[in-house]
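What you see is a predicted model, and the numbers here were worked out from it, not measured in a lab. For reference, positions follow the sequence shown, starting with 1.
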Amino acid sequence: MSGKKFTTTSGIEIKEVYTEFSGMNELPGEFPFTRGIQKDMYRGKPWTMRQYAGFSTAEESNKRYHYLLSQGTMGLSVAFDLPTQIGYDSDSDFAEGEVGKVGVAIDSLRDMEVLFDGIQLKDITTSMTINATASILLSMYIALAKKQGADLKQISGTIQNDILKEYAARGTYIYPPGPSMRLITDVFQYCSKEVPKWNTISISGYHIREAGSTAVQELAFTLANGKAYLQAAISKGLDINVFAKRLSFFFNCHNNFFEEIAKFRAARRMWANITKQLGATDAGAQKLRFHTQTGGSTLTAQQPMNNIVRVTTQALAAVLGGTQSLHTNGYDEALSLPTEAAAKIALRTQQIIAFESGATDTVDPLAGSYFIESLTDELEKAAYLYIDKIDAMGGAVKAIEQDYVQQEIARSAYEYQNEIESGERVIVGVNKYTENEQPAENIFRVDDSIRKTQTDKIKKLRTERNNEAVKNTLAELKTAAQGTQNLMPLILAAVESYATLGEIADTLRSVFGEY
């Protein structure tokens, strides 16, 4: 036996050899779904292959979407720029320097019409990474679907709509927690009747992990947030057996191959038990469905081609862990937005795993591995310690308000960085096997002139729309926000009058305030 101690990134000790585990008799598709939420998993059909894209203007992003669809992408994932995420129009002083940079700028329904020009919403699923302004962007999508003549009962996709992790890890919040939770449960309630196939929230561990958490913390804090959303919806009188079917999750897939697989398996089992304890009796409401994105923070600017290997192992771990949809990062994303060539390699990585590797031929191929089963149990046990602590504090909202979650993530991020800098944790090409490199070429940059383009569009819109109708719909929204009624129909009416995103967000700011 060697004297060196081996641990996962969460600090779980790894034994030299595993000879037993607690045992399991369950099958895939059966409670508590450790082995997968479908009986046949990828033998029936592969996961949805998404590529996260969005930059510059709606016109430019639309070209990339058509390209990705032509290359075999099955669903679109929309990235929005920072002003869109925090409720500012492109002509706002707060938007300067950020328009179109980390995603596409969407200022009104007119931009949404251009973004999906030539794409029928009834034929695709769309995932939108949007939180504080999720109700507004979803209303734009619904308005466009109506204009295309689509059956709203059939359109499907996901909005992230997960504000709790914004307070804890990412920072693109607008309103205080109370009004933010109201908007989220309004979306739950509205969509359960009007857009029943839409996933109304994607509870995100991804950004918690990107902020520096361990795998155990990602698992625990994500499920604790999920629990808070369930409780908020139940307290509003919604039926858990109906709305919980439209919740999905969004996880990171990091570098520790076996720990990540075990994390996904533990997440399913834990969520099945959490929903059951809160009253879910329908199997559909107990199933944890999740999207995975490979780890952005694991990509290195040094020797960027190494990132192709990192992304491949992470994608394979997500598949072996039973993901429902997957985005693979471009190898150049530590340097810039992905170039078209990097986006194509990322998509081909998924296709090779799906159709050449044999990983999809049987369900949960690593089940019964002494190591994987033991690790699944260990991750579950460690995550419940966090969840029990959060419950004792009064739940996820209280834990975030008391800064507990943020401090735990910051501590882990600090420890991880120290390990890299001391050389204890090897990052190939960064602190070991380094080279003298030339500066990277072919970096994809978004031009600052985008802001003027968007500002000109907004000016034109304001001269062409019915400004009286805009004024009236915004006034009605303000009155409703001061009361208790569901705000989604009023936000939709404002969107359809061509009120801008900033005008709608400002109307809500005038009632709710800013956090």
Side-chain angles (χ1 to χ4, degrees), residues 33 37 50 77 85 127-132 134-135 138 157-173 177 180-188 191-192 198-211 213 215-234 236 238 240 242-253 263-264 266-278 280 284-293 318 321-327 383-384 386-387 390-391 395-397 399-400 405 409:
F33 311 107
I37 59 169
R50 296 189 183 281
S77 288
Q85 292 180 48
S127 173
M128 295 191 279
T129 303
I130 197 72
N131 296 283
S135 54
L138 176 59
T158 305
I159 42 171
Q160 194 159 98
N161 201 25
D162 173 10
I163 206 68
L164 292 180
K165 68 93 180 48
E166 294 297 324
Y167 298 120
R170 192 161 172 266
T172 66
Y173 46 78
S180 294
M181 292 295 273
R182 174 188 173 183
L183 284 169
I184 287 166
T185 51
D186 281 357
V187 170
F188 289 175
C191 289
S192 67
W198 195 268
N199 296 319
T200 49
I201 191 167
S202 175
I203 303 155
S204 175
Y206 186 84
H207 304 98
I208 290 170
R209 193 64 175 281
E210 289 292 286
S213 82
V216 163
Q217 288 171 334
E218 179 191 358
L219 182 56
F221 299 154
T222 306
L223 297 188
N225 287 350
K227 201 171 171 181
Y229 293 125
L230 290 178
Q231 289 163 331
I234 290 166
K236 199 161 181 170
L238 301 183
I240 191 170
V242 177
F243 77 81
K245 290 179 183 173
R246 302 270 50 101
L247 269 58
S248 67
F249 286 81
F250 173 25
F251 286 115
N252 202 306
C253 200
K263 178 187 78 182
F264 300 132
R268 274 194 295 272
R269 186 156 76 205
M270 292 172 73
W271 187 245
N273 284 302
I274 287 167
T275 51
K276 189 177 181 181
Q277 284 159 12
L278 289 173
Q286 298 167 339
K287 292 177 179 179
L288 181 143
R289 295 165 300 119
F290 70 100
H291 169 71
T292 310
Q293 182 173 340
T323 194
Q324 275 61 66
S325 89
L326 179 60
H327 163 80
Y384 269 128
Y386 273 115
I387 290 174
I390 289 167
D391 285 346
V397 178
I400 289 164
V405 173
I409 294 169

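Partners of Tyr229 by ring pair (Phe, Tyr, Trp, His ring centres under 6.0 Å), not counting sequence neighbours: none found. Residues that satisfy the salt bridge (Lys or Arg N to Asp or Glu O under 4.0 Å) test with Arg246, not counting sequence neighbours, are absent from this structure.
You'll find the side chain of Leu247 reaches within 4.5 Å of the side chain of Trp271, heavy atoms only. Contact annotation: the side chain of Gln85 approaches that of Ile130 to within less than 4.5 Å [non-hydrogen atoms, C-beta and beyond]. Looking at Gln293 and Glu210, their side chains never come closer than 4.5 Å, going by heavy atoms from C-beta outward. The shortest distance between side-chain heavy atoms of Asp162 and Phe250 does not fall below 4.5 Å.
Of the possible polar contacts, none joining the Glu218 side chain to the Phe251 backbone as a donor-acceptor pair under 3.5 Å is found. Side-chain atoms of Asn161 never come within 3.5 Å of backbone atoms of Ala134 as a donor-acceptor pair (strictly under, hydrogens ignored). Between the side chain of Lys227 and the backbone N or O of Leu278 there is no donor-acceptor pair closer than 3.5 Å. No side-chain donor-acceptor contact under 3.5 Å links Lys165 to the backbone of Ser204.
Here the closest non-hydrogen pair linking Asn225 and Ala396 is OD1-CB, 3.4 Å.
Taking CD of Gln286 as the start and CG of Asn273 as the end, the distance is 8.5 Å to the nearest 0.5 Å. To the nearest 0.5 Å, atoms CZ (Arg289) and CZ (Arg268) are separated by 13.0 Å.
Each of Leu219, Thr222, Leu164 was compared with Ile208 under the side chain to side chain contact (heavy atoms under 4.5 Å, CB included) criterion, and only Thr222 meets it. The side chain to side chain contact (heavy atoms under 4.5 Å, CB included) test with Ile159 is passed by exactly one of Asn199, Val187, Ile201: Val187.
Atom NZ of Lys236 has more than 12 heavy atoms from other residues, nucleotides or ligands within 6.0 Å.
Phe290 and Phe264 have parallel rings, their planes meeting at less than 30° on a 0 to 90° scale where 60° marks the start of perpendicular.
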Might you work through the side-chain contact (heavy atoms from CB on, under 4.5 Å) test for Arg209 and Lys263, ending with a clear yes or no?
-> CA-CA 12 Å; Arg209 193 64 175 281; Lys263 178 187 78 182; 3.5 Å; yes

